[in-house]
**Student:** 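Quick one: this structure, given as structure tokens, is what I'll be asking you about.
Computed from heavy atoms alone, side chains included, the values below leave out hydrogens, waters and symmetry copies. Just so it is clear, the structure is predicted and the values come from calculations on it, not from any experiment.
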Amino acid sequence: MYLDKFEVRITTEQDIFEICNWRYEEPYDVYNYPEFEILREQEWGILFKETREREFLSLYKNGELIGNFRFIENEKNVILGLSLKPDFCGQGFGSKFMRIILKEYNNRFEDKNLILKVREFNKRAIKLYKNSGFIIIGSEIRNINGENIKMLIMQYKAN
């Protein structure tokens, strides 16, 4: 029987090039990264080596990049951002991805809340997060590209 091999690595510039080419179908296309050159023009944090090595991790499955996540640490919280390669969305990899992320969080951070924000429309992600131990603790309106978007704020509550 063949077993999948998952590996977490620090995100590389090559990973970023690949992530910029990931394309989600509507309505999830709001999560598409812009082209690499636009990232550079807008000076996204993922391009700065020091920030990338401190905050960004990539998930590989059998040598293929399938996900990316970020831990932004502040005084009392760790903010989680994540993306799964579109080809793997809806294929049952989300729960495995979340288990890997939570393991990394537990290995890296002590006494800090794990928080994430998700667009209210994204029921698929919200269900995954709830099944992974997150609860909704609030909401906020964020202006994203000139549009007011309701974001749910979720916090991880280990069982």
**Student:** Calculate, to the nearest 0.5 Å, the distance between atoms OG and NZ belonging to Ser139 and Lys117 respectively.
**Tutor:**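 Nearest 0.5 Å value for the OG-NZ distance: 11.0 Å.
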**Student:** List the atom of Trp22, the atom of Asn32, and the distance in Å for their closest heavy-atom pair.
**Tutor:**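 Nearest pair, atom of Trp22 first, then Asn32: O-OD1, 3.6 Å.
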**Student:** Backbone N or O of Leu57 within a donor-acceptor pair of the Thr11 side chain at under 3.5 Å?
**Tutor:** yes
**Student:** Carefully, step by step, assess Leu102 and Leu114 under the rule side chain to side chain contact (heavy atoms under 4.5 Å, CB included).
**Tutor:** CA-CA 9 Å; Leu102 292 172; Leu114 182 61; 3.6 Å; yes
**Student:** So, Lys123 side chain and Glu120 main chain: donor-acceptor pair closer than 3.5 Å or not?
**Tutor:** yes
**Student:** Between CD1 of Ile144 and CD1 of Ile149, what distance do you get to the nearest 0.5 Å?
**Tutor:** 5.5 Å
**Student:** Would you say that Ile101 contacts Phe71 through its side chain, given a criterion of any heavy-atom pair below 4.5 Å between the two side chains?
**Tutor:**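 They are in contact (side-chain heavy atoms under 4.5 Å apart), so the answer is yes.
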**Student:** Less than 4.5 Å apart, side chain to side chain, heavy atoms only: is that true for Lys61 and Lys96?
**Tutor:**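 They are not in contact (no side-chain heavy atoms under 4.5 Å apart), so the answer is no.
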**Student:** I want to check something: taking the side chain as every heavy atom from C-beta on, are Phe36 and Leu47 in contact at a cut-off of under 4.5 Å?
**Tutor:** yes
**Student:** Within 45 degrees of the ring normal and closer than 6.0 Å to the centroid, is that where the cationic atom of Arg99 sits relative to Phe6?
**Tutor:**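 Geometry flag: not set, cation outside 6.0 Å or 45°.
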**Student:** Would you give the length of the straight line joining atom CD1 of Ile38 to atom CH2 of Trp44, rounded to the nearest 0.5 angstrom?
**Tutor:** 9.5 Å
**Student:** So which atom in Ile137 and which in Gln155 form the shortest heavy-atom distance, rounded to 0.1 Å?
**Tutor:** CD1-OE1, 3.6 Å
**Student:** Does CZ in Arg23 sit with more than 12 non-hydrogen atoms of other residues, nucleotides or ligands closer than 6.0 Å?
**Tutor:**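 Yes, because the 6.0 Å sphere around CZ of Arg23 holds more than 12 heavy atoms from other groups.
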**Student:** Could you check whether atom CD of Glu35 has more than 12 heavy atoms from other residues, nucleotides or ligands sitting under 6.0 Å from it?
**Tutor:**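 No, because the 6.0 Å sphere around CD of Glu35 holds 12 heavy atoms or fewer from other groups.
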**Student:** Do Ile16 and Arg52 come close enough that some side-chain heavy atom pair is under 4.5 Å?
**Tutor:**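 A side-chain contact exists here, since the closest heavy-atom pair is under 4.5 Å.
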**Student:** Can you list the residues that meet the ring-ring contact (aromatic ring centres under 6.0 Å, His included) rule with Phe97, with sequence neighbours excluded?
**Tutor:**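 Expected list: Phe69.
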**Student:** Is there a side-chain contact between Arg119 and Tyr31 in this structure, where contact means two heavy atoms from C-beta onward sitting under 4.5 Å apart?
**Tutor:**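 Yes, their side chains come closer than 4.5 Å.
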**Student:** Do Leu39 and Leu65 share a hydrophobic cluster (ILVMFWY, side-chain heavy atoms under 4.5 Å, transitive)?
**Tutor:**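 Looking at the clustering, Leu65 is in the same group as Leu39.
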**Student:** Would you say Tyr156 and Asn106 are linked by a side-chain donor-acceptor pair, where the criterion is simply a distance under 3.5 Å?
**Tutor:** no
**Student:** Nearest 0.5 Å, what's the CD1-CD distance between Ile66 and Glu7?
**Tutor:** 12.0 Å
**Student:** Between atom CG of Leu59 and atom CD of Glu64, what is the distance when rounded to the nearest 0.5 Å?
**Tutor:**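 So the CG of Leu59 and the CD of Glu64 are separated by 10.5 Å.
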**Student:** Going through the checks in order, is the side chain to side chain contact (heavy atoms under 4.5 Å, CB included) test met by Met154 and Lys130?
**Tutor:** CA-CA 9 Å; Met154 301 183 78; Lys130 285 181 177 179; 3.8 Å; yes
**Student:** Step by step, would you call Lys85 with Phe93 a side chain to side chain contact (heavy atoms under 4.5 Å, CB included)?
**Tutor:** CA-CA 10 Å; Lys85 187 174 183 176; Phe93 287 97; over 6 Å; no
**Student:** With salt bridge (Lys or Arg N to Asp or Glu O under 4.0 Å) as the criterion, how do Glu73 and Arg54 come out once you've worked through the C-alpha distance, each side chain's angles and the decisive distance to 0.1 Å?
**Tutor:** CA-CA 10 Å; Glu73 184 179 13; Arg54 183 179 63 247; over 6 Å; no
**Student:** Do you know which two heavy atoms are closest between Arg124 and Cys89, and how far apart they sit?
**Tutor:** NH2-CB, 3.9 Å
**Student:** Given side chains that start at C-beta, do those of Asp15 and Arg9 come closer than 4.5 Å, heavy atoms only?
**Tutor:** no
**Student:** Does Arg40 form a salt bridge (Lys or Arg N to Asp or Glu O under 4.0 Å) with Glu37? I'd like the steps, not just the answer.
**Tutor:** CA-CA 5 Å; Arg40 189 183 310 273; Glu37 288 307 316; 3.6 Å; yes
**Student:** State whether the side chain of Lys49 and the backbone N or O of Glu13 hold a donor-acceptor pair below 3.5 Å, judged by distance alone.
**Tutor:** no
**Student:** What closest approach, in Å, do Tyr24 and Leu84 show between heavy atoms, and which atom pair accounts for it?
**Tutor:**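 The pair with the smallest heavy-atom distance is OH-O, 2.7 Å.
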**Student:** Look only at the side chain of Asn143 and the backbone of Asn148, and say whether a donor-acceptor pair between them is shorter than 3.5 Å.
**Tutor:**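 Not confirmed, Asn143 side chain does not pair with Asn148 backbone.
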**Student:** Over all heavy atoms of both residues, which pair between Ser58 and Asn68 is shortest? Give the atoms and the distance, please.
**Tutor:**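 Nearest pair, atom of Ser58 first, then Asn68: OG-ND2, 3.4 Å.
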**Student:** Nearest 0.5 Å, please: how far is OH in Tyr105 from CG in Asn113?
**Tutor:** 6.5 Å
**Student:** Holding to salt bridge (Lys or Arg N to Asp or Glu O under 4.0 Å), I want the full list of residues that pass it with Glu104, two or more places apart in sequence or in another chain.
**Tutor:** Arg108
**Student:** So, for Leu80 and Leu116, which heavy atoms are closest and what is the spacing to 0.1 Å?
**Tutor:**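 Reported closest heavy-atom pair: O-CB, 3.6 Å.
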**Student:** Assess the residue pair Leu152 and Tyr129 against the criterion (side chain to side chain contact (heavy atoms under 4.5 Å, CB included)); give the C-alpha distance rounded to whole Å, side-chain angles, the decisive distance to 0.1 Å, and a yes or no.
**Tutor:** CA-CA 11 Å; Leu152 299 180; Tyr129 302 150; over 6 Å; no
**Student:** Would you please name every residue forming a side chain to side chain contact (heavy atoms under 4.5 Å, CB included) with Ile72, sequence neighbours left out?
**Tutor:**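 Ile72 satisfies side chain to side chain contact (heavy atoms under 4.5 Å, CB included) with Glu55, Arg70, Ile79 only.
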